[in-house]
Amino acid sequence: MLWHCQSNETGIDQMNLFAEIRALVIDTLSAMAANGSLPEGLDMAQIAVEPPRDPAHGDMATNAAMVLAKPAGKAPREIAEALAARLLADPRIVAADVAGPGFLNLRLATSLWQGVIRTALTEGANFGRAAVGAGRRVNVEFVSANPTGPMHVGHVRGAVVGDALARLLAFSGWEVTREYYINDGGAQVDVLARSAYERYREANGLEPEIREGLYPGDYLIPVGEALKAKYGDSLLDKGEQYWLAEIREFASDMMMQMIRDDLAALNVKMDVYSSEKALYGTGKIEAAIQALRDMGLIYEGTLEPPKGKEPEDWEPRVQTLFRSTAHGDDVDRPVQKSDGSWTYFAPDIAYHYDKVQRGFDELIDIFGADHGGYVKRMKAAVSALSNGKVPLDIKLVQLVKLYKNGEPFKMSKRAGTFVTLRDVVEQAGTDVTRFMMLTRKNDVTLDFDFAKVLEQSKENPVFYVQYANARINSVLRKSRESGLDCGDASLATADLSLLSHPAEIAMAKKLAEWPRLVEIASRANEPHRVAFYLNELASEFHGLWNKGNDDTSLRFVQDGNAATSLAKVALVRATGVAISAGLAILGVTPVEEMR
RNA sequence: GCACCCAUAGCUCAGCUGGAUAGAGCGUUGCCCUCCGAAGGCAAAGGCCGCACGUUCGAAUCGUGCUGGGUGCGCCA
């Protein structure tokens, strides 16, 4: 699925007012260079056009004069004055004031802000769509839980962050693949098989022996029954060598089906499931290691024991090592154990090599924070195997701490030892869970209180944003009842110059930030920024709504004045468009009415 | 010992890839409903941005060294 922004003939993104004005600034500076008032060939990359911290400074501020002062050999204020004079010739700029060390504060024609409203109405669900991806392909790998049981809370955040990031990137012009790497090649799936075998014995009327180290969860009982249905009692008196491989596959398939269902309950759908086990026996691991060997990055050697925390049974061993230090890692990493079998790192290298070979322009991995030590070696491998051409961004997702009414929450309904994803979704709901998981930056721990997330008050950001959307729908309902045609097409014809109150323009300015925010968030791979923006947008709207209490001219539906009502409702609807677009990135359904 | 993450208002956290007088919510104090949904809104108070150097026109943001908390460090994935 490929989307592109509308672009004008200069290739500038028309939907982003900040980008539009930045282009104007740069064009103007280029013209100044052409007529000799500035040197030719200046680097404009560092020039920014941003909303100023203090609204009193104007609508937008640019640092152009300060950035160019040194290379141009001129005083910043001198450049700023000259730039200001030229910018004022453009009808979009109504004021340009030099301030401080050389800032240029710009005030834009009100019609530009009003125009944002029309843009939102005509773009609809595409309002804010960015072009930063430019059709490039990105692979987002996330969750990748071992197929040994149902998903638990620890997986929820990674699943939501990964999926929201995928949605954000798709909205920003990337072609996105969501991928799950099934860790079905290691010892855990053997443990799973043995645990399932005990449940199989149980299904046949025998007493299961859930020894230490096996998985005790009762989610394996249905697996045992399914095994009985398939094999009857034929495996009961057989040794492990007869059934291990078969049950391993059978059980992990059932676990993966459970995990898919869990993900579906979170409204997460993967595009690709890749199996670790499938890498074995295909030569893919060997090929990946050989590729590294051809670069001179594989050697036989022994590692130094880690200082300060030396394992008790440490003995120097010769291993096959990957020279990851050549690509930024701190020590070289083993890819083969001393007995010649692969370490867990080897298939991971092969898997990432596979992703590189599939032609992605960028890779993103979402890991739990406890895998932080794994980041450098993985980046080293991808750097080596792609000749530094494919960037790998790894996002570490921190712990979620569960509470109920401020008390730590430990209960588990299903699995005996941990709170499952199902527990969370059943208690909090999919939309609430998803939104809450994005109310913190990925690398800080997040408190999740089952009581507070369902509270209907402004301290609950989910409610606060949904409530704004409900109010918006309430306005639309009321204006329809009053006979106004509130279709988007009709609203887009409104005379928006009737919106002149500072509070209304402020609302439009907030809307104008949306396309810019999408760009920033997608460049940083940080979907949480969308959640924060939605909270700010909702706050702006609640404020405007309440001003109607004191100032009746700010009420949205003005009896007997259809033209003014149409313009005001257009602003309201445009806000709703932005909220819906933002919620869509979070994967949250907008509600039309609070219960 | 080494690496990575975190440290910002009393509390929980944002902070635009270096911009101006550092923001929001909660809590505290005081206001706003004969009025489209007050499940809201407005205002005040609250800060050595962990510490110290450095980079430059300019640092919460970048670099170095510390302090404190977390995570991890060869035959587990």
Side-chain angles (χ1 to χ4, degrees), chain A residues 18 46 48 50-54 56-57 61 63 66-67 69-70 75-76 99-103 105 144 146 183-189 276 302-311 313-317 319 321 329-334 336-339 341 343-345 347-348 368-376 396 398-399 439-441 443-447 455-461 463-464 466-468 470-471 474-475 477-479 482 513 516-517 519-521 523-524 528-529 531-532 535-536 539 542-550 552 555-559 593-595:
Chain A
F18 293 89
Q46 293 306 309
E50 310 173 308
R53 211 182 280 275
D54 185 347
H57 291 143
N63 61 355
M66 289 179 293
V67 169
K70 184 177 274 188
F103 283 102
N105 291 328
S144 297
N146 297 327
N183 285 284
D184 53 4
Q188 293 108 322
V189 282
E276 176 193 358
T302 53
L303 289 172
E304 294 291 312
K307 297 207 162 80
K309 189 224 161 195
E310 186 169 329
D313 58 346
W314 178 272
E315 288 171 32
R317 293 183 197 281
Q319 296 169 307
L321 301 172
D329 202 357
D330 307 302
V331 292
D332 293 337
R333 307 291 177 176
Q336 259 179 331
K337 303 174 191 172
S338 49
D339 68 359
S341 63
T343 64
Y344 59 89
F345 188 33
D348 277 359
D370 55 341
H371 285 60
Y374 204 54
V375 169
K376 281 192 180 184
L396 298 180
Q398 263 292 358
L399 236 55
T439 55
R440 290 287 179 271
K441 210 170 139 193
D443 53 15
V444 300
T445 59
L446 183 153
D447 292 345
E455 224 166 69
Q456 302 208 329
S457 77
K458 67 174 296 190
E459 73 179 290
N460 178 356
F463 167 77
Y464 190 68
Q466 293 281 31
Y467 183 36
R471 279 181 154 177
S474 165
V475 172
R477 238 177 356 253
K478 290 233 153 86
S479 50
S482 75
E513 288 178 26
R516 183 170 180 272
L517 182 114
E519 279 198 32
I520 291 168
R523 281 189 213 283
H528 75 278
R529 290 174 187 265
F532 279 93
N535 212 48
E536 292 170 15
S539 174
H542 287 307
L544 180 60
W545 173 289
N546 265 78
K547 283 196 177 69
N549 288 342
D550 302 323
T552 53
R555 294 185 191 171
F556 300 127
V557 180
Q558 298 284 323
D559 287 335
E593 207 171 347
M594 309 306 294
R595 289 183 292 106

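Letters go in sequence order (proteins before strands), and every chain restarts at 1.
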When rounded to the nearest 0.5 angstrom, what distance separates [atom1] in [X] from [atom2] in [Y]?
| X | Y | atom1 | atom2 | result |
| --- | --- | --- | --- | --- |
| A/Leu303 | A/Arg333 | CG | CZ | 8.5 Å |
| A/Arg440 | A/Phe532 | CZ | CZ | 6.0 Å |
| A/Leu321 | A/Thr302 | CG | OG1 | 8.0 Å |
| A/Arg555 | A/Trp545 | CZ | CH2 | 11.0 Å |
| A/Leu396 | A/Asp443 | CG | CG | 7.5 Å |
| A/Lys547 | A/Thr552 | NZ | OG1 | 15.0 Å |

Not counting sequence neighbours, which residues clear side chain to side chain contact (heavy atoms under 4.5 Å, CB included) with [X]? List them please.
| X | value |
| --- | --- |
| A/Ile520 | A/Arg516, A/Arg529 |
| A/Thr445 | A/Gln398, A/Leu399 |
| A/Asn105 | A/His57, A/Ala61, A/Ala99, A/Phe103 |

May I have the distance from [X] (atom [atom1]) to [N] (atom [atom2]), rounded to whole angstrom?
| X | N | atom1 | atom2 | answer |
| --- | --- | --- | --- | --- |
| A/Asn546 | B/rG40 | CG | C1' | 5 Å |
| A/Tyr464 | B/rA24 | OH | C1' | 10 Å |
| A/Glu50 | B/rG23 | CD | P | 15 Å |
| A/Gln398 | B/rC6 | CD | C1' | 8 Å |
| A/His57 | B/rG23 | NE2 | P | 11 Å |
| A/Leu399 | B/rU71 | CG | C1' | 10 Å |
| A/Lys70 | B/rU55 | NZ | C1' | 11 Å |
| A/Asp550 | B/rU34 | CG | P | 11 Å |

### Query
For A/Asn460, what residues pass the side-chain hydrogen bond (donor to acceptor under 3.5 Å, both in side chains) criterion, not counting sequence neighbours?
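A/Asn460 satisfies side-chain hydrogen bond (donor to acceptor under 3.5 Å, both in side chains) with no residue once adjacent residues are dropped.
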### Task
Output all residues satisfying side-chain hydrogen bond (donor to acceptor under 3.5 Å, both in side chains) with A/Ser144, sequence neighbours left out; order by chain, then residue number.
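Listed in chain order: A/Glu141.
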### Query
Would you say the base of B/rC16 and the side-chain of A/Arg516 have a donor-acceptor pair closer than 3.5 Å?
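Side chain to base: pair present.
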Please state the [atom1] separation for the pair [N] and [M] - nearest whole angstrom.
| N | M | atom1 | answer |
| --- | --- | --- | --- |
| B/rA45 | B/rG58 | C1' | 30 Å |
| B/rC48 | B/rC4 | P | 29 Å |
| B/rC11 | B/rC57 | P | 38 Å |
| B/rG27 | B/rG65 | P | 43 Å |
| B/rU34 | B/rG50 | P | 47 Å |
| B/rG1 | B/rG68 | P | 11 Å |
| B/rG74 | B/rU8 | P | 32 Å |
| B/rG46 | B/rA22 | P | 13 Å |

### Query
Which sits closer to the 5' end of RNA chain B, A/Gly548 or A/Phe463, going by the nucleotide each is nearest to?
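In this pair, the answer is A/Gly548.
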### Message
Return whichever of A/Pro51 or A/Lys478 has its heavy-atom-nearest nucleotide of RNA chain B closer to the 5' end.
### Response
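Nearer the 5' end of the strand: A/Pro51.
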Using both distances under 3.5 Å as the test, list the Watson-Crick or G-U wobble partner of [N], or none.
| N | answer |
| --- | --- |
| B/rC66 | B/rG50 |
| B/rG72 | B/rC2 |
| B/rC11 | B/rG25 |
| B/rA20 | none |
| B/rG58 | none |

### Query
Within the structure, does a side-chain N or O atom of A/Lys547 lie under 4.0 Å from either OP1 or OP2 of B/rG40?
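No, because none of the side-chain N or O atoms of A/Lys547 sits under 4.0 Å from OP1 or OP2 of B/rG40.
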### Query
Do A/Lys478 and A/Ser474 have side-chain heavy atoms sitting under 4.5 Å apart?
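Result yes, sub-4.5 Å side-chain heavy-atom pair found.
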#### Entry: From B/rC32, B/rC4, B/rC26, nucleotide with atom closest to A/Lys376 side chain
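Among the listed nucleotides, the one closest to the side chain of A/Lys376 is B/rC4.
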### Message
Stacking between A/Tyr467 and B/rG40, defined as ring centres under 5.5 angstrom apart with planes under 30°, is that present or not?
### Response
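Base of B/rG40: not stacked against A/Tyr467.
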### Mutual orientation of the aromatic rings belonging to A/His371 and A/Tyr374 [parallel < 30°, tilted 30-60°, perpendicular > 60°]
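Perpendicular.
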### Query
Are more than 12 heavy atoms from other residues, nucleotides or ligands located less than 6.0 Å from atom CD of A/Gln46?
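No, because the 6.0 Å sphere around CD of A/Gln46 holds 12 heavy atoms or fewer from other groups.
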### Message
List the residues meeting salt bridge (Lys or Arg N to Asp or Glu O under 4.0 Å) with A/Asp330, not counting sequence neighbours, and say none if there are none.
### Response
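Salt bridge (Lys or Arg N to Asp or Glu O under 4.0 Å) check on A/Asp330 returns A/Lys376.
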Under 4.0 Å, counting only non-hydrogen atoms across every strand here, what does [X] touch: a base, just sugar-phosphate, or nothing?
| X | result |
| --- | --- |
| A/Ala99 | base |
| A/Asn535 | nothing |
| A/Asn549 | base |
| A/Ala61 | base |
| A/Gln558 | nothing |

Please produce a list of atom pairs where a protein N or O lies less than 3.5 Å from an N or O of nucleotides 44-48 of chain B.
none

### Query
Who are the ring pair (Phe, Tyr, Trp, His ring centres under 6.0 Å) partners of A/Phe556, not counting sequence neighbours?
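Only A/Phe541 meet the ring pair (Phe, Tyr, Trp, His ring centres under 6.0 Å) criterion with A/Phe556.
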### Task
Using ring pair (Phe, Tyr, Trp, His ring centres under 6.0 Å) as the criterion, list what pairs up with A/Tyr464, not counting sequence neighbours.
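With sequence neighbours excluded, A/Tyr464 shows a ring pair (Phe, Tyr, Trp, His ring centres under 6.0 Å) to A/His542, given in chain and number order.
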### Query
Could you write nucleotides 72-77 of chain B as a row of B, S and -, 5' to 3', where a protein heavy atom under 4.0 Å of any base atom gives B, of only sugar-phosphate atoms gives S, and otherwise -?
SBBB-B
Measure all distances between protein nitrogen or oxygen atoms and nitrogen or oxygen atoms of nucleotides 12-15 of chain B, and list the pairs falling under 3.5 Å.
residue	atom	partner	partner atom	Å
B/rU12	O2'	A/Arg440	NH2	2.6
B/rC13	OP1	A/Thr445	O	3.4
B/rC13	O5'	A/Arg440	NE	3.3
B/rA14	OP1	A/Lys441	N	2.9
B/rG15	OP1	A/His528	NE2	3.1

Detail all sub-3.5 Å separations between protein N/O atoms and N/O atoms belonging to nucleotides 65-69 of chain B.
none

